[in-house]
Amino acid sequence: MLQVNHIRQYREKVLERLSAKYFMETALVDAVIEKDDLRKRIQSANDEILSRRNLASKEIGALMSKGLKDDAEARKQEVTDLKSKIDRNEQELARLEVEIREVLQRIPNLPHEQVPAGRTPEDNVVVRQWGDTPVLHVGAVPHWDLIKKYGLVDFETGVKITGSGFPLFKGRGAKLQRALIQYFLDSNTEAGYTEYIPPYMVNEASAYGTGQLPDKEGQMYYMPADNFYMIPTAEVPVTNIYRDEILKESDLPILMTAHSPCFRREAGSFGKDVRGLNRVHQFDKVEIVQLVHPDKSYEVLEQMVEHVERLVQSLGLPYRILRLCAGDMSFSSAMTYDFEIYSAAQERWLEVSSVSNFEAYQTNRMKIRFKDAEGRMRLVHSLNGSSLALPRIMAGLLENFQTPDGILLPAVLHRYVGSDRLV
RNA sequence: GGAGAGAUGGCAGAGCGGUCGAAUGCGGCGGUCUUGAAAACCGUUGAGGUGUAAGCCUCCGGGGGUUCGAAUCCCUCUCUCUCCGCCA
């Protein structure tokens, strides 16, 4: 969430950036400032009373030790009288703090100046495009038909075991998925990211830290018996590694990568979006996360985009990189690039990665800070990106590399699959 | 699942209800010494709120209570550790 002091200091700018995002509840901005002003006033008044109480209590101690019982009793009464005031103030303060936090949580991150204006996906800007659309043989089919033909994924049995959207990978399909995970993790660690295998369920505090709670609660699977959430992405456990930590400036940047299954309820999805591997409830993804010095985060965002770009390129999949417009960005992002590959048989673009700079929006919630050269406490910036989402990469590979008599593989995967063709 | 112990500053670890935001050790930072380093010695070193500042206030796992006053007493929740059981 945004910092109150920042909102107060740059009120006009904040309002302007929020309107760029088509965020309509601008009254919330003034509500935060108003409530915080009130909080300050009550806090100061109460501190003054507390100070008097502390002094009186000390004196009571001194009087008692001198045996001046009557004087002590008089002072005791004085303190007792202060108590009701203190109680009232503290209740008011507690209430205000909750209210301020609730309002802050409803205000999204501010889109960076360089983020294109606009509110729908049509307003996203293609910043780069690479690769030629493959010319498929006559009779080429979408990946869901290839999957069936070669027995790579068994959706029906997944339904039997769990429900729709829980694919059962099998044989060469399972092997390809494992190969891709291995390849992505190897590429990431070579680029300097430290590999993690995180927990796949998180507690409330972690889900809150990265912003899944409270607003995206319905997107996560929840285990009420233990109050845990299934992770919707490895970003959640990995970013939370450093929650409530004060880092040294020399610790930065911190580069982390992790593979994990991702669980998403995807309530309300339907139609061609959900055919085959396009959208499922459980899928695998390799994620990269960085915690960086706030002055460096945009530089790092470009580096992360380039890293993901090399990865997609190495798979020989045609892709384009979009800079999302303000209105299409997620709630907590300040700038986002999406990667879309062209899946030739479906003849459509599929999102395979989203790389974002959250600036201090997440780290303010998680209180991930560092001491700078002047000894000031500052929030680090957090960034993350997919490298990459597995099912859609697989869909693209199957469709684009299909031949009349089998499916070939890009060169980088040969050693991981142990062959130059999948089937 | 059963029994017990515990939760204090970056870490380890003290702390008769008032003089404790907290001993001590380690670590960190600065300095003396040294050609340099180590050692030794000296100093310094938690976070948040408010204020131009001095200062004042809050925080010893979370919440509540007793008291003029709580790290210290009581209740409660959560978590961790040890032992037993079960188990990949």
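Side chains included, hydrogens not; waters and symmetry mates left out as well; all remaining heavy atoms used. Every chain is numbered from 1, with letters handed out A, B, ... down the list of sequences.
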Q.
Whether the side chain of D47(A) and the base of G49(B) hold a donor-acceptor pair under 3.5 Å is what I'd like checked.
A. yes

Q | Whole angstrom value for the distance that separates P of G69(B) from NZ of K76(A) | A | 9 Å

Q: Take atom C1' in A22(B) and the same atom in U8(B), then report the distance between them in whole Å.
A: 8 Å

Q: With heavy atoms under 4.0 Å as the rule, sort R52(A) into base, sugar-phosphate or nothing.
A: nothing

Q.
Under 4.0 Å between a side-chain nitrogen and a carboxylate oxygen: does that hold for E249(A) and K371(A)?
A. no

Q: Tell me the partner of G1(B), counting only Watson-Crick (N1-N3 plus N6-O4 or O6-N4) or G-U wobble (N1-O2 and O6-N3) with both under 3.5 Å; none if nothing fits.
A: C84(B)

(Q) Between P on G48(B) and CG on D36(A), what's the gap in Å once rounded to a whole number? (A) 16 Å

Q) Would you say A47(B) has OP1 or OP2 under 4.0 Å from some side-chain N or O of K371(A)? A) yes

Q: Could you work out which one of A47(B), G18(B), G49(B) sits closest to the side chain of Q43(A)?
A: G49(B)

Q) Can you tell me the Watson-Crick or wobble partner of A71(B), both distances under 3.5 angstrom? A) none

Q) Is D328(A) salt-bridged to R119(A), cutoff N-O under 4.0 Å? A) no

Q) For N46(A), which contact category applies under a 4.0 Å heavy-atom criterion: base, sugar-phosphate, or nothing? A) nothing

(Q) Within the 4.0 Å heavy-atom criterion, would you say K40(A) contacts the bases, only the backbone, or no part of the nucleic acid? (A) sugar-phosphate

Q.
Between K148(A) and E156(A) (salt bridge meaning N to carboxylate O under 4.0 Å), is one present in this structure?
A. yes

(Q) What I want to find out is whether R323(A) reaches D338(A) closely enough, with some N-O distance under 4.0 Å, to be called a salt bridge. (A) no

Q: In whole angstrom, give me the gap between the C1' atoms of C74(B) and C57(B).
A: 27 Å

Q | Length of the CD1-P vector between I86(A) and C68(B), whole Å | A | 13 Å

Q. Less than 4.0 Å between a side-chain N and a carboxylate O, is that true for E78(A) and R75(A)?
A. yes

Q.
Taking only the C1' atom of each, what is the distance from U45(B) to A38(B) in whole angstrom?
A. 23 Å

Q | Identity of whatever pairs with U52(B) - Watson-Crick or G-U, under 3.5 angstrom | A | none

Q.
Heavy atoms from C-beta onward define the side chain here; which of U50(B), C57(B), A47(B) lies closest to that of I246(A)?
A. A47(B)

Q) Quick one: does R369(A)'s side chain have a donor or acceptor within less than 3.5 Å of a partner on I246(A)'s backbone? A) no

Q) So, are E97(A) and K35(A) salt-bridged, with charged N and O less than 4.0 Å apart? A) no

Q | Any strand: nucleotide that pairs with C16(B) via Watson-Crick or wobble, under 3.5 Å | A | none

Q | Closest-nucleotide ordering on RNA chain B, the 5'-leading residue of K83(A) and N54(A) | A | N54(A)

Q. Which whole-number value in Å describes the distance from Y242(A) OH to G10(B) C1'?
A. 14 Å

(Q) Distance check needed: G48(B) C1' versus N5(A) CG, whole Å only. (A) 12 Å

(Q) Under 4.0 Å, counting only non-hydrogen atoms across every strand here, what does K367(A) touch: a base, just sugar-phosphate, or nothing? (A) nothing

Q) In whole Å, what separates the C1' atom of G49(B) from that of A3(B)? A) 44 Å

Q: In whole angstrom, give me the gap between the C1' atoms of G61(B) and U72(B).
A: 16 Å

Q. Paired with A38(B): which nucleotide, if any, by Watson-Crick or G-U wobble criteria at under 3.5 Å for both distances?
A. none

Q: Can you tell me, in whole Å, how much space there is between the C1' of U52(B) and that of G65(B)?
A: 41 Å

Q. Base, sugar-phosphate, or nothing: which does L50(A) touch, judged by heavy atoms less than 4.0 Å apart?
A. sugar-phosphate

Q) Given the rule in the side chain to side chain contact (heavy atoms under 4.5 Å, CB included) test, do E287(A) and T257(A) qualify, once you have shown the distances and angles that lead to the verdict? A) CA-CA 5 Å; E287(A) 187 79 1; T257(A) 185; 5.9 Å; no

Q. Within this structure, what is the CG-to-C1' distance between L82(A) and C57(B), rounded to whole angstrom?
A. 15 Å

Q: Return the value, rounded to whole Å, for the distance between atom CD of Q91(A) and atom P of G63(B).
A: 15 Å

Q. RNA chain B: S57(A) or R369(A), which has the more 5' nearest nucleotide?
A. S57(A)

(Q) Going by purine N1 to pyrimidine N3 plus the second Watson-Crick contact, or the G-U wobble pair, all under 3.5 Å, which nucleotide sits opposite A47(B)? (A) U58(B)

Q. Is there a Watson-Crick or G-U wobble partner for C79(B) with both distances under 3.5 Å, and which nucleotide is it?
A. G6(B)

Q.
Using the C1' atom as the point on both nucleotides, what is the distance between U58(B) and G51(B), in whole Å?
A. 16 Å

**Q.** Nucleotide U78(B), atom P - distance to CZ of F228(A) in whole Å
**A.** 12 Å

Q. For G25(B), what is the paired nucleotide under Watson-Crick or G-U wobble rules, both distances under 3.5 Å?
A. C11(B)

